[in-house]
Amino acid sequence: MPELAAHVRDVPVNQIREITEAAWATPGAIVLSIGEPGFALPRHILDAGIACLDRDETNYTPNAGIPALREAFAARFREQQQVQIGAERVYVVDGAQQGLHFAMSLLLSPGDEILIPNPGYPTFAMTSRLLHAVPVQYPLYPGNDFQPHIEDIEALITPRTKVLMLNSPSNPLGAVLSGESTRQLVELAVRHDLWIISDECYEAFTFDVPHVSPARFDSEVPGEARVFTSLTLSKTYGLTGLRIGALICPPGMEQKMNNVMEAIVSCVASPSQYAALAALTGPQDYVSSAREHYRGNRDVASSVLEAKGIPFLGAQGAFYLWADVSHVSGGDVRTWVRKFLAESGVSFAPGTAFGSIGEGWIRIALCGSQQDLLDGVSRLPAKA
Ligand SMILES: Cc1ncc(COP(=O)(O)O)c(C=O)c1O
């Protein structure tokens, strides 16, 4: 058999999937290791997808998506971020993961460096490696509440650095960048002539702090603008299986974007696009109910951790709690989560899934039922 491509050998196992698949195969296990929103979809979203199939509207759509959906994404972004973007800058993509791959494909040549957060979402490194680029991790330290230090990032910039990857609200940390930090990060990108890819998967879920997109501080001038914004409906509307999101690009890139999209997935499945249109333009109350559910879960889980003396980062957004279990993990949290699943029937994502700084930490998903969360977190060993 011929060999697989060399860069595929370097793509690591996703440790979130590793533990979650072990949990799914464990009868009765409480699964707190994956970010899958648990609530039922409103009927009008399902009906819109079904109506598309009933009409047999199953042909290719334009590469960038159906115009009404592009406009709906643009309108939502304009309203939330007070930025003047038009629908021509919105590309409908097959979920945020495809949006990230799309953006990186546009920006990274082999050997180019991309700055990614440590701890950060695992596919930032995996996807850039698949494109023969070099992920360079910038540290987010517990001592600074896992917020970035501009000087740490600046020190890592070389002539090969092309992209700064941002993710706020953060998976796995639940941390949110302030408006001021966001502005400084955009200024850093301008100083060093870098692109920014801003992963805003969890934009709908912040608790008492605003979500400020880097796009707010970007130039509007083609050739100067540098921010790509990655959005998804997977988390906001709980549409993970429909695979639908949007990549908002700087102005003046439409033709290049069409060419690259054609070569990656051509276009997104039409029923998913109509379901997404219904989600964006229909009633929004279930997004706020989801937010309140996550907030309640965060509060309940935080109280249990506090009572047990387990240190954790107070989550300001997303739907994760980042907790320090170094008192029991023995310096190998990846092995410890497997042992804990086998002995206690609960799965957490090991912090090492997100980078070396995650050693000794776990990510607790807050998006399921409150009862499961309480049962699961209560089984964690207290810190003496
Ligand atoms: C930070 C982040 N980016 C991207 C993704 C991928 O999202 P999607 O399901 O829309 O591809 C996830 C999913 O968990 C995520 O947490």
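Read the numbers this way: they start at 1 and go in the same order the structure lists the ligands and their atoms.
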Trainee: Any carboxylate oxygen within less than 4.0 angstrom of a Lys/Arg side-chain nitrogen, looking at Glu343 and Arg379?
Mentor: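 Answer for the salt bridge query: no.
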Trainee: When you check the gap from the basic side-chain N to the acidic O, do Arg76 and Glu79 get nearer than 4.0 Å?
Mentor: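 No, no charged N to carboxylate O under 4.0 Å.
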Trainee: Give a yes/no verdict on a cation-pi contact between Arg55 and Tyr274, requiring under 6.0 Å between NZ or CZ and the six-membered ring centre and an angle within 45° of the axis.
Mentor: yes
Trainee: Between the side chains of Glu187 and Arg191, is the shortest nitrogen-to-carboxylate-oxygen separation below 4.0 Å, so that they form an ion pair?
Mentor: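 Answer for the salt bridge query: no.
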Trainee: Around ligand 1, what residues show up once you keep those with a heavy atom under 4.0 Å from it?
Mentor: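 Shell around ligand 1 (4.0 Å, heavy atoms): Gly95, Ala96, Gln97, Tyr121, Asn167, Asn171, Asp199, Cys201, Tyr202, Thr232, Ser234, Lys235, Arg243.
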Trainee: Determine yes or no for a side-chain-to-main-chain donor-acceptor pair under 3.5 angstrom, with Asp372 supplying the side chain and Ser369 the backbone.
Mentor: no
Trainee: For the residue pair Phe146 and Trp322, categorise the inter-ring angle as parallel (less than 30°), tilted (30 to 60°) or perpendicular (more than 60°).
Mentor: perpendicular
